[in-house]
There are 2 protein chains.
Amino acid sequence: MNIGDVAKRAGLPPKTIRYYEEIGLIKPLRGPNGYRAFREQDLHKLAFLSRARTLGFTIEDCRTLLALYADEGRASADVKQVAQEHLGQIDDKIAQLKTMRDTLSELVRCCAGDNRPDCPILNDLAAEV
Amino acid sequence: MNIGDVAKRAGLPPKTIRYYEEIGLIKPLRGPNGYRAFREQDLHKLAFLSRARTLGFTIEDCRTLLALYADEGRASADVKQVAQEHLGQIDDKIAQLKTMRDTLSELVRCCAGDNRPDCPILNDLAAEV
DNA sequence: TATAAGGATTCCAGTGACGGGAAGGTCAAG
DNA sequence: CTTGACCTTCCCGTCACTGGAATCCTTATA
């Protein structure tokens with residue numbers, strides 16, 4: 001398979017696939033013409049990566065997860081730990097965004113949004129320290 | 001005021017303040033020794049920026065907001081629009097993170113987390129495309 | 001007065017995870 | 001034989017900083 005085919009099948013841009021090779025996540029073979037020659041196992045890894053990235057895992061997490069996946073003697077506890085830490089970070093991020101949203105939506109609600117200059121949003125931003 | 005003083009008062013690292021000058025958000029004066037000489041208005045702008053960044057506005061948004069703040073003849077509608085667009089992006093981000101969290105927490109819940117290799121998290125990631 | 005600390009300066013490089021685009025090689029169809 | 005669709009590598013840009021090196025200025029202390 002050429003990169004275009006795996007790209008479609010894995011749902012990843014060719015650029016991303018080349019990048020994943022560059023950082024050592026996958027190691028596709030090469031044909032005599034210099035083209036990458038992807039095997040089913042490469043596609044499988046790429047699909048794994050695509051899914052993991054969709055769930056927000058970092059590239060380093062993905063590396064760890066791929067290693068655990070390849071390790072038949074892994075403990076599910078190790079996988080769970082990676083996922084739980086990630087989950088914690090997602091929760092932190094959500095909490096942070098919610099705080100922003102609450103403040104912002106209140107400010108937006110209070111703003112007349114007309115052609116006059118007075119604006120509670122700017123007033124908030126410019127509030128004395 | 002030297003950069004260390006404004007940094008403390010505005011709650012921003014000196015590095016960030018230098019960066020803000022570099023991209024033209026602030027224009028502090030210079031003393032004869034080459035040190036930046038911050039006026040009250042510079043501090044005020046930095047506090048504004050600090051607050052706006054806390055609310056998640058991009059640097060370009062901040063630039064727009066500072067310009068609107070400086071424009072006595074602004075329409076609050078313009079400010080409101082910037083805030084509303086940002087609010088929309090925050091909401092999108094939250095929704096995306098929530099989707100991740102829901103999937104992830106379910107996977108984590110199903111994972112035994114013991115010393116056996118079988119793991120629903122990996123099974124999900126490795127699911128056929 | 002020498003010196004040492006602590007702050008200031010600039011400049012360069014790196015972050016994460018790619019994306020854009022140039023310059024060029026390869027392949028299948030007409 | 002040419003066209004166009006692929007593929008290759010290489011380098012730069014993203015966003016908003018952060019770290020670190022090398023150097024300069026100021027202030028406090030021995």
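Everything numeric here is computed off the predicted structure, so don't read it as measured data. Chain identifiers are assigned alphabetically (A, B, ...) following the order of the sequence lines, protein sequences preceding nucleic acid strands; residue numbering begins at 1 within each chain.
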Interatomic distance, [X] [atom1] vs [N] [atom2] [rounded to whole Å]:
X     : N      : atom1 : atom2 : answer
B:N2  : C:dG6  : CG    : C1'   : 12 Å
B:E22 : D:dC17 : CD    : P     : 12 Å
B:Y19 : C:dA13 : OH    : P     : 18 Å
A:L29 : D:dC7  : CG    : C1'   : 17 Å

Under 4.0 Å, heavy atoms only, any strand: does [X] hit a base, just the sugar-phosphate, or nothing?
X     : value
B:P13 : sugar-phosphate
A:R18 : base
A:Y20 : sugar-phosphate
A:R53 : sugar-phosphate

Hey, which sits more toward the 5' end of DNA chain C by its nearest nucleotide, A:T58 or B:N33?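 Nearer the 5' end of the strand: B:N33.
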Do B:Y35 side-chain and C:dG7 base share a donor-acceptor contact under 3.5 Å?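 Between C:dG7 and B:Y35, which were checked side chain against base, a qualifying N/O pair under 3.5 Å is present.
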Choosing from [options], which nucleotide comes nearest the side chain of [X]?
X     : options                : value
A:R30 : C:dA8, C:dT26, D:dT9   : D:dT9
A:R36 : C:dA17, D:dT9, D:dC17  : D:dT9
B:K15 : D:dC17, D:dG19, C:dC18 : D:dG19

Which residue pairs pass the salt bridge (Lys or Arg N to Asp or Glu O under 4.0 Å) test with at least one member in residues 63-84 of chain B, sequence neighbours excluded?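 Counting only pairs at least two positions apart or across chains, the salt bridge (Lys or Arg N to Asp or Glu O under 4.0 Å) contacts touching residues 63-84 of chain B are B:E60-B:R63.
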D:dA16 phosphate, OP1 or OP2, under 4.0 Å from B:T16 side-chain N/O: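 No, outside the criterion.
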Under a 4.5 Å side-chain heavy-atom rule over Ile, Leu, Val, Met, Phe, Trp and Tyr, are B:M1 and B:Y35 clustered together?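 Different hydrophobic clusters.
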From A:Q89 atom CD to A:D61 atom CG, the distance as rounded to the nearest 0.5 Å: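 Reported to 0.5 Å precision, the distance equals 7.5 Å.
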So, do B:E106 and B:R109 sit near enough that their side-chain heavy atoms are less than 4.5 Å apart?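 Side-chain contact under 4.5 Å: yes.
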